[in-house]
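Report on one structure; see the data block that follows.
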Amino acid sequence: MSYSKIEIIGLRGYSDKQTLNLAIPNGNEGSGLTCIVGPNNSGKSTIYESFRAISQNNPPSFTEGRRNKVAGDRAEIKLSKNDGTFIELKTTVNGGSETSFHENGLNKNNVKILTLPSRRTFSPFFGKSSWNRDQYINSSELSAVRGSQFDSFAYRLFTIQQNQEAFNSVLGKVLGNVPNWVIEHSDNGNYYLKFNYNGSFHNSDGTGEGLLSVFTIVDTLYDSSNDDFIVIDEPELSLHPSLQRKLMQLILEYSATRQIVISTHSPYFISWTSLANGGKISRTVKESTGTKIFELQHA
């Protein structure tokens, strides 16, 4: 069963309950894609944070700055499936940071959502560890501070290298020519990515943010399965428009059989094909009474 909607109240600008209805894949290109648009500071990233919070293993702490005072200084997130089952994440005590999960037919252990933040830079030098997809999802937690480095991705690189042919085949759909890359071990004990461009070598410390961002996004897709759920905040960041177009085509391809949610400022991630096939577009607006979500309706 697919997820049908997420409801948010009391988180940042969400002073009253707002609902994001989710596209459900039907096998057609883009049918499972939910696209969120809106100006800066209108609440798009808060939706991403809501998915991350309700999908993590342990109940997160909602800092004072994240809780909306107009909503009673408490936050609630409700994720529902189209069979009527749902799970809620609620502030335990008004005015406190701690939360708890409440299951209603939807078991917490079965909520597997891969969430990818807009800030996708990670430390160029890292230790050795290898995470499969489930470990990666289970280890993702809502950071207390927005903009923290995305260092957990480094633990996926060893797994990606073991499946490099499959990964590169998807990476090539975006980049065209895939650079030769390996994980290298420096003499001081750190690991890093080493790229070979026609005999010219450089490491992950000198790699542009665009390439590393594409790495992280392709990783969410290449080993995913039908019916998986993926949330990507601002996939266009640091990407040339030509790469944005190619990446969007890849997302449309995968969202035929997967639920994918993206928030974006880029026109290249708006697809009329997706809309015609059942995809959804919603807009966040910051009004005087708080953040509102408006869904584009079919005529």
Any donor-acceptor pair under 3.5 Å linking the side chain of [X] with the backbone of [Y]?
X	Y	answer
S31	N26	yes
E234	S118	no
T99	P60	yes
Q259	Y3	yes
K108	Q56	yes
T91	A75	yes
S140	Y136	yes
R156	S130	no
S224	L221	yes
N132	Q135	yes

Problem set entry | Salt bridge flag under 4.0 Å for residues D233 and R119 | no
Exercise. Does R74 pair with E76 as a salt bridge, N-O distance under 4.0 Å?
Worked result: yes
Seminar exercise, completed: The complete set of ring pair (Phe, Tyr, Trp, His ring centres under 6.0 Å) pairs with one or both residues in residues 263-283, sequence neighbours excluded, reads none
Exercise. Does the gap between the ring centers of F153 and F215 come in under 6.0 Å?
Worked result: no
For this session: Could you point out which residue of L114, I113, L116, I262 forms a side chain to side chain contact (heavy atoms under 4.5 Å, CB included) with V231?
Result: I113
Kindly compute the distance separating [atom1] ([X]) from [atom2] ([Y]), expressed to the nearest 0.5 Å.
X	Y	atom1	atom2	answer
L193	W181	CG	CH2	6.5 Å
L252	Y254	CG	OH	13.0 Å
N138	N57	CG	CG	4.5 Å
L237	Q244	CG	CD	8.5 Å
I54	F86	CD1	CZ	10.5 Å
S50	I9	OG	CD1	12.0 Å

For this session: With side chain to side chain donor-acceptor pair (under 3.5 Å) as the test, would you mind laying out the steps for S61 and S97 before giving the verdict?
Result: CA-CA 5 Å; S61 299; S97 61; 4.5 Å; no
Can you name the closest pair of heavy atoms from [X] and [Y] and give their distance?
X	Y	answer
S15	G290	OG-CA, 3.7 Å
P25	A256	CB-O, 3.3 Å
L247	P235	CD2-O, 3.9 Å
L20	T34	CD1-CG2, 4.2 Å
L275	L296	CD1-CD2, 3.8 Å

Exercise. Mind checking what makes side chain to side chain donor-acceptor pair (under 3.5 Å) contact with D73, not counting sequence neighbours?
Worked result: R67
Exercise. Can you list the steps and then say if E236 with T264 is a side chain to side chain donor-acceptor pair (under 3.5 Å)?
Worked result: CA-CA 7 Å; E236 72 273 14; T264 184; 2.9 Å; yes
For atom [atom1] of [X], is the number of surrounding heavy atoms from other residues, nucleotides or ligands below 6.0 Å larger than 12?
X	atom1	result
K128	NZ	no
K90	NZ	yes
K112	NZ	yes
D134	CG	yes
Y155	OH	no
Q162	CD	yes
D187	CG	no

For this session: Evaluate side chain to side chain donor-acceptor pair (under 3.5 Å) for Q18 paired with D16, printing each intermediate quantity in order.
Result: CA-CA 6 Å; Q18 295 296 304; D16 59 0; 3.1 Å; yes
Exercise. Which residues satisfy the salt bridge (charged side-chain N to carboxylate O under 4.0 Å, His left out) test with K280, sequence neighbours excluded?
Worked result: E295
For this session: Name the orientation class of the two ring planes belonging to H185 and Y191 (parallel below 30°, tilted from 30 to 60°, perpendicular beyond 60°).
Result: parallel
For this session: Return the orientation label for the F125 and Y192 ring planes: parallel under 30°, perpendicular over 60°, tilted otherwise.
Result: perpendicular
Exercise. Do F62 and L89 come within less than 4.5 Å of each other through their side chains, counting heavy atoms only?
Worked result: yes
For this session: Identify whether I137 and V218 are in the same connected component of the hydrophobic contact network (ILVMFWY, side-chain heavy atoms under 4.5 Å).
Result: yes
